[in-house]
Colleague: 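Encoded as structure tokens, here's the structure I'll be asking about.
Residue numbering restarts at 1 for every chain, and letters A, B, ... go by the order of the sequence lines.
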Protein chains: 2
Amino acid sequence: MRIPIQVSEENREPIYHQVETQIKALIVGGKLPPGTPLPSIRALASDLGCSVITTRRTYQNLQADGFIQTIQGKGTFVREMESTRMEKTKQKVVYEAFEKAIQQGKQVGFSKEDMKAIFSTIIKKNFTNGG
Amino acid sequence: MRIPIQVSEENREPIYHQVETQIKALIVGGKLPPGTPLPSIRALASDLGCSVITTRRTYQNLQADGFIQTIQGKGTFVREMESTRMEKTKQKVVYEAFEKAIQQGKQVGFSKEDMKAIFSTIIKKNFTNGG
DNA sequence: TATACTGTATATATAAATATATACACATAA
DNA sequence: TTATGTGTATATATTTATATATACAGTATA
């Protein structure tokens with residue numbers, strides 16, 4: 001199986017982390033349903049032009065986070081997960097990002113109205129022509 | 001001048017960055033108006049129990065970001081800045097945090113209603129009993 | 001000038017993050 | 001069994017982040 005992943009050398013972010021983030025998004029976004037086999041660490045490494053150890057690390061981290069399951073000799077697969085758990089994961093990720101944004105706002109003395117305004121602006125920008 | 005800064009050893013975040021963040025917040029939040037002298041790198045180092053090089057680095061970064069100005073032999077001061085520029089800086093920081101949160105949401109397929117709900121929840125949580 | 005403050009520059013130590021090579025072990029199918 | 005696919009473990013290289021000591025240079029004031 002071939003999955004759409006792009007890594008950038010220029011990006012300061014390390015390879016293993018770029019890949020991790022992208023695979024997480026594919027899984028949580030439903031593009032890779034539970035049970036889907038991921039490319040082998042060697043295939044992925046060859047594809048990305050990095051070492052096997054790096055792809056291995058990526059998969060280890062994803063496994064630690066509960067997104068995938070690796071079985072020695074067989075391969076690596078998107079982990080079976082009830083839709084409720086998947087939903088919770090999605091919620092959590094986005095919730096935390098908003099929490100952080102609002103903390104930022106509070107720290108510099110913004111009122112909730114200030115933040116509502118900013119939120120609305122960005123929502124509009126992001127959901128015009130295709131939302 | 002003594003400014004209220006707390007660094008934590010347990011925090012994974014490096015000292016220079018903890019201090020940087022806190023001073024930025026004090027400036028942008030208006031607690032340290034333009035022209036205010038900051039403690040000397042030595043005084044601050046002694047206060048925090050770290051080396052002068054570390055506090056020096058903190059100030060260099062803050063200067064690079066345009067928040068303070070250091071003059072050899074005289075000291076380090078909060079940079080003169082028109083209130084509009086200050087306001088823009090505040091806006092930018094918070095704006096970017098929200099942008100990121102909303103991108104996260106989009107990536108996992110959240111609608112704008114989904115995100116509004118999350119936003120409202122967190123706003124309520126943060127502005128009840130003291131907002 | 002002498003003293004005691006300021007910031008600056010150079011060289012260095014240490015730890016953590018990142019990436020690797022290579023040999024090993026399990027699974028499966030010819 | 002043999003060949004070839006999968007993941008695993010150990011040891012290691014390299015770079016970046018973090019923090020430091022110490023000697024230097026500008027500023028102000030007694």
Side-chain angles (χ1 to χ4, degrees), chain A residues 1-3 5-24 32 35-80, chain B residues 1-3 5-24 32 35-80:
Chain A
M1 162 112 195
R2 179 102 184 203
I3 58 177
I5 289 186
Q6 296 288 340
V7 296
S8 150
E9 276 295 334
E10 297 148 29
N11 195 333
R12 305 276 303 162
E13 198 183 1
I15 300 168
Y16 76 87
H17 198 253
Q18 293 184 41
V19 179
E20 240 180 275
T21 306
Q22 291 179 51
I23 293 182
K24 265 188 200 171
L32 297 177
T36 306
L38 294 179
S40 79
I41 54 174
R42 283 180 183 79
L44 185 56
S46 153
D47 188 22
L48 300 176
C50 70
S51 83
V52 169
I53 293 91
T54 300
T55 54
R56 161 84 169 130
R57 178 174 184 171
T58 301
Y59 281 4
Q60 279 183 310
N61 290 348
L62 286 168
Q63 169 145 358
D65 289 349
F67 289 95
I68 66 180
Q69 184 176 16
T70 72
I71 303 168
Q72 181 168 172
K74 294 194 71 175
T76 301
F77 310 87
V78 177
R79 185 170 150 183
E80 295 297 340
Chain B
M1 163 117 194
R2 178 103 184 201
I3 58 178
I5 290 187
Q6 296 288 338
V7 296
S8 150
E9 276 294 334
E10 296 148 30
N11 195 333
R12 306 274 302 160
E13 198 183 0
I15 300 168
Y16 75 88
H17 198 254
Q18 293 185 40
V19 178
E20 240 180 276
T21 306
Q22 291 180 50
I23 293 181
K24 265 188 199 170
L32 297 177
T36 306
L38 294 178
S40 78
I41 54 175
R42 284 180 182 79
L44 183 57
S46 152
D47 188 21
L48 301 175
C50 69
S51 84
V52 169
I53 292 92
T54 299
T55 54
R56 162 86 168 127
R57 176 173 187 172
T58 300
Y59 282 3
Q60 278 183 311
N61 290 350
L62 285 168
Q63 170 146 354
D65 289 349
F67 289 95
I68 65 178
Q69 184 177 16
T70 72
I71 303 169
Q72 180 170 156
K74 294 195 71 174
T76 301
F77 309 87
V78 177
R79 186 171 148 183
E80 295 297 339

Colleague: Side chains of A:Leu32 and A:Leu38, heavy atoms from C-beta outward: is any pair under 4.5 Å?
Modeller: yes
Colleague: Please round to the nearest 0.5 Å and tell me the distance separating atom CD of B:Glu20 and atom CG of B:Leu62.
Modeller: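 So the gap between those two atoms works out to 5.0 Å.
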Colleague: Kindly state which residues belonging to residues 64-71 of chain B come within less than 4.0 angstrom of DNA chain C, counting heavy atoms of the residue only, listed by number.
Modeller: B:Thr70, B:Ile71
Colleague: Of the nucleotides D:dT18, D:dG26, D:dG7, which has the atom closest to the B:Pro14 side chain?
Modeller: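 Nearest listed nucleotide: D:dT18.
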Colleague: Of the options D:dT20, C:dA21, C:dA16, whose atoms approach the side-chain atoms of B:Thr54 most closely?
Modeller: D:dT20
Colleague: Does B:Ser40 have a side-chain nitrogen or oxygen under 4.0 Å from the phosphate oxygens OP1 or OP2 of C:dT6?
Modeller: yes
Colleague: As a test of understanding, state which of A:Thr76, A:Thr58, A:Thr70 forms a side-chain hydrogen bond (donor to acceptor under 3.5 Å, both in side chains) with A:Gln63.
Modeller: A:Thr70
Colleague: Rounded off to whole Å, could you give me the NZ-to-P distance for the B:Lys74 and D:dA28 pair?
Modeller: 5 Å
Colleague: Within this structure, what is the CD1-NZ distance for the pair B:Ile68 and B:Lys24, rounded to the nearest 0.5 Å?
Modeller: 10.5 Å
Colleague: Mind calculating the distance between CD1 (A:Ile53) and P (C:dA23) to the nearest angstrom?
Modeller: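 To the nearest whole Å, that distance equals 12 Å.
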Colleague: Hey, does A:Ile41 have a side-chain heavy atom less than 4.5 Å from the side chain of A:Tyr59?
Modeller: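 Yes, close enough: below the 4.5 Å cut-off.
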Colleague: Would you say the side chain of B:Thr55 lies within less than 4.5 Å of the side chain of B:Val19, judging by non-hydrogen atoms?
Modeller: no
Colleague: Heavy-atom distance under 4.5 Å between the side chains of A:Tyr16 and A:Asn61, does that happen here?
Modeller: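 A side-chain contact under 4.5 Å exists here.
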Colleague: Could you state the atom-to-atom distance from CD of B:Gln72 to C1' of D:dC24 in whole Å?
Modeller: 9 Å
Colleague: Quick one: which of D:dA17, C:dA19, C:dA16 gets closest to the side chain of A:Arg12?
Modeller: D:dA17
Colleague: Mind calculating the distance between CD (A:Glu9) and P (D:dT15) to the nearest angstrom?
Modeller: 13 Å
Colleague: Just compare D:dA19, D:dG7, C:dG7 and give me whichever is closest to any side-chain atom of B:Ile15.
Modeller: D:dA19
Colleague: CD of A:Glu13 versus C1' of D:dT16: gap in Å, rounded?
Modeller: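 Taking atom C1' of D:dT16 as the reference, CD of A:Glu13 is at 16 Å.
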Colleague: Rounded to the Å, how far apart are B:Leu44 CG and C:dC5 P?
Modeller: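 From B:Leu44 CG to C:dC5 P: 17 Å.
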Colleague: Would you say A:Arg57 places a side-chain N or O within less than 4.0 Å of OP1 or OP2 belonging to D:dG7?
Modeller: no
Colleague: Are B:Tyr16 and D:dT18 close enough that a side-chain N or O sits under 4.0 Å from OP1 or OP2?
Modeller: yes
Colleague: What is the distance from CD of B:Glu20 to P of D:dA17, rounded to the nearest Å?
Modeller: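 Roughly 13 Å, once rounded to whole Å.
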Colleague: Can you check the A:Leu38 CG to D:dT6 P distance for me, whole Å?
Modeller: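 That distance rounds to 12 Å.
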Colleague: Can you tell me whether the side chain of B:Arg42 and the base of C:dG7 have a donor-acceptor pair closer than 3.5 Å?
Modeller: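 Checked by distance alone, the answer is yes.
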